[in-house]
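First the proteins, then the strands, lettered A, B, ... as listed; each starts at 1.
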There are 2 protein chains.
Amino acid sequence: MSAIPDEVPKLCEACESRHKGMCGALQVEQLAILARIAHKREAKSGAELLAEAEQADVYANVLSGVVKLTKTLSDGRQQIVGLQFAPDFLGRPFRKESHLNAEAATDVVLCTFPTAALERMIQETPELERQLYRQVLNDLDEARDWMVTLGRKTASEKVASFLLLIARNIDPDSDAECASITFDLPLTRADIADFLGLTIETVSRQLTRLRTDKIISIKNNRCITVPNLERLATRAGN
Amino acid sequence: MSAIPDEVPKLCEACESRHKGMCGALQVEQLAILARIAHKREAKSGAELLAEAEQADVYANVLSGVVKLTKTLSDGRQQIVGLQFAPDFLGRPFRKESHLNAEAATDVVLCTFPTAALERMIQETPELERQLYRQVLNDLDEARDWMVTLGRKTASEKVASFLLLIARNIDPDSDAECASITFDLPLTRADIADFLGLTIETVSRQLTRLRTDKIISIKNNRCITVPNLERLATRAGN
DNA sequence: CGCTTCATTGAATAACATCAACATATGTGG
DNA sequence: CCACATATGTTGATGTTATTCAATGAAGCG
């Protein structure tokens, strides 16, 4: 066995997980151990990740891009039940996955590791388990927030809420300020519709309404500019 | 200090938490410690539980009854984002609560304990933390299932899904069988509407439609009989 | 350039909400 | 026990919102 390096692995140097994600709970030595079995994986937009067979074997951190978690009814109706951004964790220690699909919404880079190795590490490092626990609590909060959006908001408010969600994810700090912000939508209209429980036509109509109301401007169908976040927030309900 | 009894505390004897809930992770001694600081609390239907001030101080297990977790928009629109049945755990270790209200949907009995004591016990008992982790994963699954219902199902399917949810909770085993089942709805029409993202009128109409279609029968507005769960399940979408 | 995918727009329709009236149940004090 | 009040639930008529169906437009790619 070769020696385990006593410094931050190269793989991890630029990784957000070390700061804001799961790996923040690890000592340098543990990080090194994990890095040795970890495996960077790139996936094109639309690729199935952690498909059912695979799910049992591998966990992953999102390094870049957006992953959508979807559920589908037998007749094909689909609902996105979660969006995972870097440095979110993907997978379900100690638990069978409920029927849930993970798909790359954009091109995605993942840092994957075998489930067995991670679960062993969890046993040794309570802080790691706590970190994962925290992430699940966070996911639960987001899911419940979104339930309010799905159940009680109008189409117009839903679309505004979605844009706010993305904008805040791009720049978590610009929240309070009335700053202008520009970003590319990580989702197609179809995905947005599946996230909001709407049809693509309704999403499109609400977006053009926001545009004619000067709340946003749209370039190339994907690139959104919000000149004033406060005004967008007004449209989001809450 | 008096000696800690080496047997299951009286408070815990009939408690489901010991079998299916959080307390299953505890040794008899730990159970005794927890039981000493635990405190049985009864609340009438409609009572606010864990109101914001209180939330920081106390965790609880649901011993009987149903607790609804709600979120409210500024203009009063409300959404139930979770229902907690016995022996579910109520509270959020290591986390500020997002704005969320807990209210007794029926008369409720809780087993409460100070947060500090439980968190200390969590540090000592990894299995306890894991148990809580599992419950949160479970809550997350339920939330995501419900997101599909809220976003993609029709009013008719929503109401059927709700009845199924309650029926399965009353009797988790009768699922596969085509057995008949009778139960009291733990929620008013208004609560059901808030849970399903509908109005009370729509809920009422869909219930009468299910009744005229002989899928269910209703006595006293609250008592539901489902002669054939399979047939109800057909109406639930999925 | 034609093909395909993705997005927008319009008109007709269906689903659910709203408004309003009435019904049933529960509880209270006389 | 009744008269009354309140809370809860049902039903009908009408209105609004979002969906559906269909056509068109724009962007990316061989």
Check [X] against [Y] and note the closest heavy-atom contact, atom names and distance.
X	Y	value
B:C23	B:N61	SG-ND2, 3.8 Å
A:A193	B:R152	O-NH2, 3.0 Å
B:K158	B:L196	NZ-O, 3.1 Å
A:T106	A:V66	OG1-N, 2.9 Å
A:S161	A:A236	OG-O, 3.2 Å

*Any side-chain hydrogen bond (donor to acceptor under 3.5 Å, both in side chains) pairs touching residues 205-214 of chain B, not counting sequence neighbours?*
B:D213-B:R235
Excluding sequence neighbours, so at least two apart, what forms side-chain contact (heavy atoms from CB on, under 4.5 Å) with [X]?
X	result
A:L185	A:F162, A:L163, A:F183, A:R189, A:I192, A:R222, A:I224
B:T199	B:E201, B:T202
B:D75	B:L73, B:R77

Please list, by residue number, the residues of [range] whose heavy atoms come closer than 4.0 Å to an atom of DNA chain D; answer none if no residue qualifies.
range	value
residues 65-83 of chain B	none
residues 203-213 of chain B	B:S204, B:R205, B:T208, B:R211
residues 191-202 of chain A	A:G197, A:L198, A:T199, A:E201, A:T202

_Taking salt bridge (Lys or Arg N to Asp or Glu O under 4.0 Å) as the cut-off, I'd like each qualifying pair that reaches into residues 61-71 of chain A, sequence neighbours left out, listed once._
A:K68-A:E103, A:K68-A:D191, A:K71-B:D145
*Assign each of A:R152 and A:R222 to its nearest nucleotide of DNA chain C by heavy atoms, then name whichever residue's nucleotide is nearer the 5' end.*
A:R222
_Test of understanding: with ring-ring contact (aromatic ring centres under 6.0 Å, His included), list the residues that count as partners of B:F113, not counting sequence neighbours._
none
Quickly work out the [X] [atom1] to [N] [atom2] distance and round it to whole Å.
X	N	atom1	atom2	result
B:K158	C:dA17	NZ	C1'	12 Å
A:I218	C:dA7	CD1	C1'	10 Å
A:L187	C:dT5	CG	P	20 Å

_Consider side chain to side chain contact (heavy atoms under 4.5 Å, CB included). Of A:L63, A:L110, A:T112, which one does A:K40 pass it with?_
A:L63
*asked:* Need two values: the first and the last nucleotide of DNA chain D, 5' to 3', having an atom under 4.0 Å from any heavy-atom of chain B.
replied: D:dG9 to D:dA13
_B:L232 CG to B:L164 CG distance, which is reported to the nearest 0.5 Å_ = 4.0 Å
*When rounded to the nearest 0.5 angstrom, what distance separates CD in B:E42 from CG in B:D107?*
8.5 Å
*Of all residues at least two apart in sequence or in a different chain, which pass the side-chain hydrogen bond (donor to acceptor under 3.5 Å, both in side chains) check with B:S64?*
none
*Assign each of A:S156 and B:R189 to its nearest nucleotide of DNA chain D by heavy atoms, then name whichever residue's nucleotide is nearer the 5' end.*
B:R189
*Which angle, to the nearest 10 degrees, lies between the helix axes at the two ends of the helix from C:dC1-D:dG30 to C:dG30-D:dC1, each defined by five pairs?*
30°
